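Everything numeric here is computed off the predicted structure, so don't read it as measured data.
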Protein chains: 2
Amino acid sequence: MTTIKKIAECTHVSAATVSNVLNGKGGASEAKAREILETAQRMHYTPNLLAKRLKNQQSNTIGIITEDLTVFNTPEIVDGVDAACEAMGMEIILGNMRLYKRYHNDFTDTQKHQQLLDKMVEHMLSHQVEGIVYVGYHCRKLVYLPTRITVPIIYAYCYPKGQKYPAVIYDDENAAYNLTTLMIQKGHQKIGAICGPLDSFHTLERLKGYQRALFENGILFNPGLVQYGDWTRSSGVAAAEVLIQTGVTAVFAFNDEMACGVYEYCARHTLKIGTDISVAGFDNRDVSADCTPSLTTVNLPLEEIGQTCTRLLTEAIGEKPVDTEITRLPCTLLERESIGPCPNPAK
Amino acid sequence: MTTIKKIAECTHVSAATVSNVLNGKGGASEAKAREILETAQRMHYTPNLLAKRLKNQQSNTIGIITEDLTVFNTPEIVDGVDAACEAMGMEIILGNMRLYKRYHNDFTDTQKHQQLLDKMVEHMLSHQVEGIVYVGYHCRKLVYLPTRITVPIIYAYCYPKGQKYPAVIYDDENAAYNLTTLMIQKGHQKIGAICGPLDSFHTLERLKGYQRALFENGILFNPGLVQYGDWTRSSGVAAAEVLIQTGVTAVFAFNDEMACGVYEYCARHTLKIGTDISVAGFDNRDVSADCTPSLTTVNLPLEEIGQTCTRLLTEAIGEKPVDTEITRLPCTLLERESIGPCPNPAK
DNA sequence: GTGAAAGCGCTAACAG
DNA sequence: CTGTTAGCGCTTTCAC
């Protein structure tokens with residue numbers, strides 16, 4: 001381990017001078033400075049961040065707590081936080097609770113979660129983090145919150161009960177509204193919807209957007225055109241079966257997997273997607289770009305969520321007044337091939 | 001910030017004693033000890049890890065460098081490393097190079113990569129990591145390696161040129177061999193293969209496994225039954241078209257996406273998968289479980305790769321003799337519904 | 001049992 | 001321009 005002290009010895013100056021030079025603080029003769037720099041290089045000096053931070057009393061680090069890193073949305077969000085941090089010279093430390101792997105969708109054992117979370121927060125605090133980003137693995141109201149936290153925290157892809165802390169999620173409703181509007185613009189009037197479960201936040205929001213688009217275009221909302229799936233492909237197939245028999249010309253599946261189910265149904269019944277029937281999904285999962293015809297879907301601003309969190313967090317760290325609002329980031333419509341004009345525009 | 005010193009003041013003992021008690025080192029009267037513990041609790045004492053580690057001269061931390069966190073295999077591997085570390089009281093720090101996002105599949109700009117990597121390693125070293133896991137985003141021979149590294153390093157999902165360092169990958173060949181063997185056991189003799197590009201490590205290995213299975217079962221290898229795709233669904237459709245016309249009864253797609261392409265082709269031509277024709281994929285992507293019929297595929301031991309890396313790394317850190325072998329972890333065959341008996345077992 | 005002292009690597013304030 | 005000193009929070013001898 002090459003230390004400042006060793007360099008000082010070799011160059012016959014004091015540690016302070018070496019420190020100054022290495023940090024570009026000037027205060028050394030041209031010659032000495034060069035000698036020090038060269039020696040540092042030659043001896044492969046690597047500053048010890050632990051010591052530096054201990055001394056400076058600031059870690060320049062924020063903590064990311066993820067509910068589960070292996071769930072599809074999480075890596076992108078972490079990536080966003082990471083990128084933003086890099087850009088502003090901050091660092092991250094990652095704490096993965098592995099909630100999904102441990103408990104799947106069982107969110108009833110609040111106590112266990114609470115315990116895990118508190119341990120995680122404590123751990124982050126031990127690392128002297130200056131703020132924390134909490135990344136949920138699906139959008140929902142969190143019922144457990146850190147018991148004791150001494151730094152700013154911000155929630156991504158979920159939002160805390162009671163709105164005591166800021167949160168960044170995406171705008172489900174407008175995305176669904178835009179997508180439905182696009183279908184209407186293409187001449188579709190009988191548009192089926194394949195929702196997720198009714199108790200899902202996403203279902204509710206997307207349904208609202210769908211309904212608003214219909215309303216604003218003077219189309220009667222027909223509850224018979226709404227089916228409820230469970231986000232799986234097979235539930236999409238089942239819903240498609242029902243919907244297509246009602247004579248819909250377009251189907252809006254609330255996620256890409258269920259949209260694939262619609263594809264499957266159509267393939268079986270030799271309905272040509274984009275011609276005989278239009279289909280849209282949601283989430284922009286890998287498969288949506290790969291299927292044929294490519295699936296029109298909604299891209300989630302995951303990376304932006306991460307970046308926005310970082311920005312808000314650093315503002316909060318900088319003692320700016322924190323507002324505890326929920327920020328909703330817009331999604332982008334990915335118009336691809338699966339939505340075509342209505343085959344029989346005459347109503 | 002509650003420090004040991006403050007606790008010492010409050011309890012009228014020295015910092016040394018507080019330290020001893022807090023670390024369960026004994027050397028204090030029952031009464032004093034209890035008082036100290038209580039005070040620490042009450043004042044929400046959180047140990048400062050920076051100071052602790054600086055003093056102890058060991059960080060208990062390993063660094064994970066990922067080529068790109070957002071590529072499908074990476075989070076699982078990171079999760080595996082993380083889990084293993086947690087189990088042995090180690091910590092991780094994550095450094096994401098974002099190679100895929102920055103350059104996509106362009107690995108020609110070696111210099112840039114080299115620079116990024118060196119910066120990353122330097123950064124990790126600054127954090128006093130005791131070892132490094134490098135997570136590639138696809139299996140290949142790495143042409144750039146850290147210029148200077150002073151701690152053990154181990155490669156996951158890729159392997160370094162010249163084999164100077166240990167690596168952990170998975171066993172493509174045996175997985176393909178097992179899968180092909182399964183098809184043969186079900187009576188299939190004309191088995192088509194849809195490979196990835198010929199210059200891919202995965203293609204080569206899997207092809208070897210496929211060929212070995214044929215050979216061991218006395219089936220002539222017919223090059224006409226091998227098609228080359230580019231891992232995308234649409235290339236799977238195209239390959240299926242060719243293969244199925246040759247009269248194959250089973251198709252082994254070298255990834256799930258291309259297998260989905262086969263599904264699509266079959267749906268269009270009303271071929272029933274698992275009955276009229278058997279299909280298998282590789283990778284166990286989400287879609288494979290969701291499609292109908294569910295796709296028989298190969299599960300990649302991603303988490304195990306992470307765990308194995310951690311184990312090997314900690315051994316290396318413990319000064320155990322390091323061997324620089326490539327460890328190949330077995331994949332598991334996920335037998336689902338898409339492979340059925342051969343429709344006309346008479347050859 | 002308990003505490004004083006020294007020091008991990010680094011920086012900041014101040015003196016020369 | 002350069003060095004001395006002190007100290008960040010913690011632990012570890014080694015005396016008492």
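- Note that the first and last nucleotides of DNA chain C, 5' to 3', having any atom under 4.0 angstrom from a heavy atom of chain B are C:dG1 to C:dG9.
- Between B:His123 and A:Glu91, the side chains place a donor N or O and an acceptor N or O closer than 3.5 Å (distance only, hydrogens not considered).
- An end-to-end axis angle of 50° holds for the helix from C:dG1-D:dC16 to C:dG16-D:dC1, taken from five base pairs per end and rounded to 10°.
- For the pair B:Arg42 (side chain) and B:Ala40 (backbone), a donor-acceptor distance under 3.5 Å is absent.
- When every heavy atom of B:Asp68 is checked against every heavy atom of B:Thr74, the shortest pair comes out as O-OG1, 3.1 Å.
- Computed from coordinates, the B:Ile4 CD1 to D:dT12 P distance equals 11 Å when rounded to whole Å.
- The CD atom of A:Glu35 sits 14 Å away from the C1' atom of D:dT2 (whole-angstrom rounding).
- Closest of all the heavy-atom pairs between B:Glu67 and B:Tyr134 is OE2-OH, 2.6 Å.
- In this structure, the side chains of A:Arg102 and A:Lys112 stay at 4.5 Å or more apart for every pair of heavy atoms.
- At a threshold of 4.5 Å between non-hydrogen side-chain atoms, the residues B:Arg53 and B:Gln128 do not count as touching.
- By the 4.5 Å heavy-atom criterion applied to side chains, B:Leu22 and B:Leu37 are counted as neighbours.
- To the nearest 0.5 Å, atom SG of residue A:Cys139 and atom CG of residue A:Asn73 are 8.5 Å apart.
- Along DNA chain C, the nucleotide nearest B:Asn20 and the nucleotide nearest A:Asn20 are compared for position; the residue whose nucleotide lies closer to the 5' end is B:Asn20.
- DNA chain D lies under 4.0 Å from at least one heavy atom of each of the following residues of residues 38-62 of chain B: B:Tyr45, B:Pro47, B:Asn48, B:Ala51, B:Lys52, B:Lys55, B:Asn56.
- Atom CD of A:Glu30 and atom C1' of D:dT2 are 16 Å apart (whole Å).
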May I have the list of side-chain donor-acceptor pairs in residues 152-159 of chain A shorter than 3.5 Å, sequence neighbours left out?
none

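- Counting to the nearest Å, the P atom of D:dG7 and the NZ atom of B:Lys5 are 8 Å from each other.
- A donor-acceptor pair is defined here as one N or O able to donate and one able to accept, closer than 3.5 Å; no such pair exists between the side chain of B:Asp79 and the backbone of B:Pro75.
- Within a heavy-atom distance below 4.0 Å of DNA chain D, no residue of residues 120-129 of chain A is found.
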Let me have the donor-acceptor pairs involving side chains of residues 302-310 of chain A, under 3.5 Å, with sequence neighbours excluded, atom names and distances please.
from: A:Glu303; atom 1: OE1; to: B:Lys101; atom 2: NZ; distance (Å): 2.7
from: A:Thr308; atom 1: OG1; to: A:Glu304; atom 2: O; distance (Å): 2.7
from: A:Thr310; atom 1: OG1; to: A:Gly306; atom 2: O; distance (Å): 2.8

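- Remark: A:Thr17 is in phosphate contact with D:dG3, judged by side-chain N or O atoms under 4.0 Å from OP1 or OP2.
- Applying side-chain contact (heavy atoms from CB on, under 4.5 Å) to B:Gln115 and the options B:Lys119, B:His113, B:Gln111 leaves one that passes, B:Gln111.
- Residues A:Leu94 and A:Met124 approach most closely at C-CE, 4.1 Å, considering heavy atoms.
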